[in-house]
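Report on the following structure.
Computed from a prediction, not measured in an experiment: that's the story for all the values here.
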Amino acid sequence: MNILEKILEEIEERKKAYHMYSKEVDMIAMLDIRQRMRELNCVEKIIRSHMDEVKNDDWIPVEERLPEEDERYKGRKVIDVLVTTAKGKATKVQRQSHNGYWWWGRIYGEPTAWQPLPEPYIKNPK
């Protein structure tokens with residue numbers, strides 16, 4: 001889940017709270033709540049209009065391609081990659097091959113996307 005989706009969830013919670021509160025207030029407060037709800041709806045619309053612009057930072061959905069299908073890993077039996085899981089965790093994991101079958105190494109949660117490991121840090125690059 002990206003940051004904009006988290007913000008939208010918070011907006012939705014705020015709207016629910018305003019809705020519950022609106023049942024217990026006088027007319028003046030009700031008008032204020034309606035105005036706040038309109039503003040939240042506008043903010044939500046603005047956020048949704050920009051959601052496609054958020055970079056995916058080179059994550060490759062597992063539905064699109066698995067590591068063993070990537071040219072850079074041709075002929076390998078073990079592939080180390082970064083994985084994002086359905087539980088929202090990012091972790092390093094191995095994709096392993098045995099007798100022609102591929103499986104994920106120790107991982108907690110269903111993988112949703114992966115990317116190659118970054119290049120190692122170089123203290124004084126030349």
Side-chain angles (χ1 to χ4, degrees):
M1 173 182 304
N2 72 39
I3 190 70
L4 294 180
E5 289 170 331
K6 289 179 182 178
I7 292 169
L8 288 172
E9 282 183 0
E10 289 183 33
I11 289 172
E12 192 60 36
E13 289 301 314
R14 179 65 55 100
K15 287 166 57 175
K16 286 178 186 176
Y18 282 153
H19 180 73
M20 294 301 294
Y21 180 66
S22 69
K23 297 176 182 179
E24 305 168 2
V25 297
D26 61 22
M27 186 54 94
I28 302 285
M30 175 62 94
L31 294 174
D32 181 53
I33 288 171
R34 285 185 181 162
Q35 180 61 35
R36 290 176 187 218
M37 292 286 279
R38 280 193 291 275
E39 292 299 324
L40 284 174
N41 288 334
C42 284
V43 169
E44 185 177 17
K45 186 176 179 181
I46 291 167
I47 290 170
R48 288 189 187 286
S49 75
H50 292 286
M51 286 187 70
D52 291 339
E53 298 170 14
V54 175
K55 280 181 30 179
N56 217 356
D57 293 331
D58 300 323
W59 287 100
I60 302 164
V62 295
E63 301 87 27
E64 184 180 308
R65 185 173 76 238
L66 291 168
E68 64 270 20
E69 299 165 343
D70 195 296
E71 285 297 318
R72 72 188 114 200
Y73 300 122
K74 274 281 197 248
R76 293 228 186 129
K77 299 289 184 193
V78 176
I79 303 168
D80 291 323
V81 293
L82 293 177
V83 170
T84 298
T85 69
K87 294 181 178 183
K89 303 288 184 195
T91 186
K92 178 184 146 297
V93 70
Q94 286 187 336
R95 186 80 170 142
Q96 304 167 352
S97 173
H98 183 68
N99 292 333
Y101 294 99
W102 285 91
W103 72 90
W104 293 104
R106 183 178 294 177
I107 186 171
Y108 301 101
E110 189 67 27
T112 57
W114 66 276
Q115 66 176 293
L117 293 177
E119 294 297 319
Y121 170 75
I122 299 173
K123 186 173 183 176
N124 294 317
K126 294 182 180 186

Validation row: Leu66, Trp104 side chains within 4.5 angstrom (heavy atoms): yes
Joint hydrophobic cluster, Met37 plus Met27, side-chain heavy atoms closer than 4.5 Å: yes
Spatial distance of atom CG (Leu40) from atom NZ (Lys45) [nearest 0.5 Å]: 15.0 Å
Note: Arg48-Glu44 ion pair, threshold 4.0 Å (strictly below): yes
Closest heavy-atom pair and its distance - Trp103, Ser97: CZ3-C, 4.0 Å
Heavy atoms of other groups near Arg65 CZ, more than 12 under 6.0 Å: yes
Ala29 backbone acceptor or donor facing Asp26 side chain under 3.5 Å: yes
Gap separating the CD1 atom of Ile47 from the CD1 atom of Ile11, nearest 0.5 angstrom: 4.0 Å
Donor-acceptor under 3.5 Å (Glu64 side chain, Pro61 main chain): no
Joint hydrophobic cluster, Ile33 plus Val43, side-chain heavy atoms closer than 4.5 Å: yes
Closest contact, heavy atoms only, Leu82 versus Pro118: CD1-CD, 4.2 Å
Polar side-chain atom of Thr85 near backbone of Glu110 as donor-acceptor pair, under 3.5 Å: no
Minimal non-hydrogen separation, Leu4 against His50, with atom names: CD1-O, 4.3 Å
Separation of Gln96 CD from Asp80 CG (nearest 0.5 Å): 9.0 Å
Flag for Asp58-Gln115: side-chain donor and acceptor within less than 3.5 Å: no
Leu117, CG: over 12 other non-hydrogen atoms inside 6.0 angstrom: yes
For Val25 against Met30, the heavy-atom pair lying closest together: CG2-N, 3.8 Å
Six-ring centre of Trp114, Arg95 cation under 6.0 angstrom, axis tolerance 45°: no
Any Gln35 side-chain heavy atom under 4.5 Å of Arg38 side chain: yes
Considering all heavy atoms, the nearest Pro67-Tyr73 contact: O-CD1, 3.3 Å
Residue pair Glu68 / Trp102, side-chain donor-acceptor N/O under 3.5 Å: no
Reported CZ-to-CD distance for the pair Arg34 and Glu39, which is rounded to 0.5 angstrom: 15.5 Å
Shortest non-hydrogen contact between Val93 and Arg106, atoms and distance: CG2-O, 3.5 Å
Rounded distance (nearest 0.5 Å) linking atom CZ of Arg36 with atom CG of Asn41: 14.5 Å
Salt bridge (charged side-chain N to carboxylate O under 4.0 Å, His left out) evaluation trace for Glu71 with Lys74: CA-CA 5 Å; Glu71 285 297 318; Lys74 274 281 197 248; 3.7 Å; yes
